[in-house]
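First comes the structure, then the notes that go with it.
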Amino acid sequence: MITQEIEIPREVPIMTLSHTVLFPQAMMPLYIFEPRYREMLSEVLAHNRVFAVAALDDSIEDAEIFETPHSVAGVGVIRACKQNLDGTSNLILQGLARVSLEKIVREEPFRMARIQQILSESGGSPQAIGGIQRGILHLVQTQARLGADIPQAIIQFLANIKEPENVLDLAISTLCSSSHLKQELLATRDIYPRYQRFKSFLEMEIENLKLDRKLKGFLDDDSIGNN
């Protein structure tokens, strides 16, 4: 993981995308093809390589028409970019931080927003925070044993990360199937409540896997409770 400090500007270009949530540290592949975003990419590559990604807030009427973003987004830095012969580009954006969108400062030729970085609070004791990685690994390994399609490489990757919040955010980004829950967790400032909410999601996924296996005849009643 790349941990070097990158200064986050007060104003950045912003892409508003449906069901797309960028977490700190996570790597996001993007295909840039719209003319406005091609122009945006050209500008950010010439400067600091930084822009934000916000999920479309579909709880708001006419959100798709006006491209209304959620108020909390992820800001990232371009780590790799391949420009294609037809003018499109494929890039890898690495999340840097959570940010609040204070104001859209312009719409043309691409959207620019004034942002404020959101700094996390622990929301729990040092002991509770210190147990996050162990708790996540236990739940994810249980899912894998029950048949979830989770590559061992992902489990090993999460096991090798040192910072509890980074483990949590990367696990959410990689393993959470609900974009709405991802947005909720991106907007959760406190680390331990964020973990507790994600833990509940993983536990529900485990219960669904157990039920599925029981219905298929793979587990007896005693094994169902064994996690």
Side-chain angles (χ1 to χ4, degrees), residues 1-2 4 6-118 149 151 153-154 157 169-187:
M1 293 176 62
I2 301 172
Q4 70 189 73
I6 295 176
E7 183 177 355
I8 298 173
R10 282 286 281 139
E11 293 185 1
V12 295
I14 178 171
M15 295 182 72
T16 304
L17 303 173
S18 181
H19 306 297
T20 305
V21 184
L22 177 65
F23 277 83
Q25 301 298 326
M27 299 290 187
M28 175 180 286
L30 289 170
Y31 176 58
I32 305 298
F33 62 92
E34 290 186 50
R36 57 176 171 162
Y37 289 138
R38 286 158 63 168
E39 187 169 351
M40 179 200 80
L41 179 61
S42 177
E43 182 168 314
V44 298
L45 286 174
H47 294 89
N48 54 20
R49 304 173 71 91
V50 171
F51 66 92
V53 172
L56 186 75
D57 188 353
D58 54 15
S59 68
I60 296 177
E61 187 177 359
D62 294 331
E64 291 191 12
I65 296 174
F66 296 106
E67 295 189 329
T68 308
H70 278 280
S71 60
V72 176
V75 66
V77 60
I78 298 171
R79 291 301 186 189
C81 181
K82 178 181 180 296
Q83 295 180 305
N84 305 312
L85 294 177
D86 62 0
T88 65
S89 297
N90 295 87
L91 60 87
I92 300 294
L93 188 70
Q94 183 182 22
L96 294 174
R98 290 168 165 78
V99 295
S100 61
L101 304 183
E102 295 186 339
K103 182 181 180 182
I104 303 298
V105 296
R106 77 168 198 228
E107 292 285 357
E108 300 295 339
F110 49 83
R111 180 174 281 178
M112 289 282 294
R114 183 171 300 127
I115 61 172
Q116 178 66 49
Q117 183 174 351
I118 298 173
D149 185 18
I154 289 178
F157 176 68
D169 281 346
L170 286 165
I172 295 168
S173 178
T174 305
L175 301 173
C176 183
S177 56
S178 166
S179 60
H180 287 93
L181 178 56
K182 280 185 174 181
Q183 181 62 43
E184 176 189 330
L185 295 174
L186 183 74

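Both backbone and side-chain heavy atoms feed into the values below; hydrogens, waters and symmetry mates do not. Because the structure is a prediction, the values reported are computed rather than measured.
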Less than 4.5 Å apart, any side-chain heavy atom of Met28 and any of Gln94? no
Is Lys82 reaching over with its side chain to a backbone N or O of Ser89, donor-acceptor style, under 3.5 angstrom? no
Is atom CD of Gln83 surrounded by more than 12 heavy atoms (other residues, nucleotides or ligands) closer than 6.0 Å? no
How long is the straight-line distance from CD1 of Ile32 back to CG of Leu41, given to the nearest 0.5 Å? 6.0 Å
Please tabulate, for side-chain N and O atoms in residues 12-23, each donor-acceptor pair with protein atoms closer than 3.5 Å (sequence neighbours left out).
unit_1: Thr16; atom_1: OG1; unit_2: Arg111; atom_2: NH1; d: 3.1
unit_1: His19; atom_1: ND1; unit_2: Ser179; atom_2: OG; d: 3.0
unit_1: Thr20; atom_1: OG1; unit_2: Ser18; atom_2: O; d: 2.9

Which atom names give the shortest non-hydrogen contact between Ala97 and Gln117, and what distance separates them? CB-NE2, 3.7 Å
Do we get Arg106 above Phe110's six-membered ring, with its NZ or CZ under 6.0 Å from the centre and within 45° of the axis? yes
Would Val105 and Met112 satisfy side chain to side chain contact (heavy atoms under 4.5 Å, CB included), going step by step from the backbone distance to the final call? CA-CA 6 Å; Val105 296; Met112 289 282 294; 3.5 Å; yes
Glu102 with Arg114: basic N within carboxylate O range, under 4.0 Å: no
Set of ring-ring contact (aromatic ring centres under 6.0 Å, His included) partners for Phe33, sequence neighbours left out: Tyr31
Could you go through residues 59-74 and list every donor-acceptor pair under 3.5 Å that involves a side-chain atom there, pairing it with any protein atom two or more places apart or in another chain?
unit_1: Ser59; atom_1: OG; unit_2: Asp57; atom_2: OD1; d: 2.5
unit_1: Glu67; atom_1: OE1; unit_2: Arg36; atom_2: NH1; d: 2.9
unit_1: Glu67; atom_1: OE2; unit_2: Arg36; atom_2: NH2; d: 2.7

For Leu186, is there any backbone N or O sitting under 3.5 Å from a side-chain donor or acceptor partner on Arg98? yes
In the structure I gave you, are the side-chain heavy atoms of Leu30 and Asn90 within less than 4.5 Å of one another anywhere? no
Contact between Leu181 and Glu184 at the side-chain level, heavy atoms closer than 4.5 Å - yes or no? yes
Contact between Lys103 and Leu101 at the side-chain level, heavy atoms closer than 4.5 Å - yes or no? no
More than 12 foreign heavy atoms under 6.0 Å from CD of Glu107: is that the case here? yes
Distance from Leu96 atom CG to Leu93 atom CG, nearest 0.5 Å? 7.5 Å
What distance do Leu185 atom CG and Ser173 atom OG have between them, rounded to the nearest 0.5 Å? 11.0 Å
So, are Asp86 and Arg38 salt-bridged, with charged N and O less than 4.0 Å apart? no
Is the shortest heavy-atom distance from the side chain of Ile115 to the side chain of Ile8 under 4.5 Å? yes
From Met40 atom CE to Leu45 atom CG, the distance as rounded to the nearest 0.5 Å: 8.5 Å
Short question: side chain of Thr174, backbone of Leu170 - any donor-acceptor pair under 3.5 Å? yes
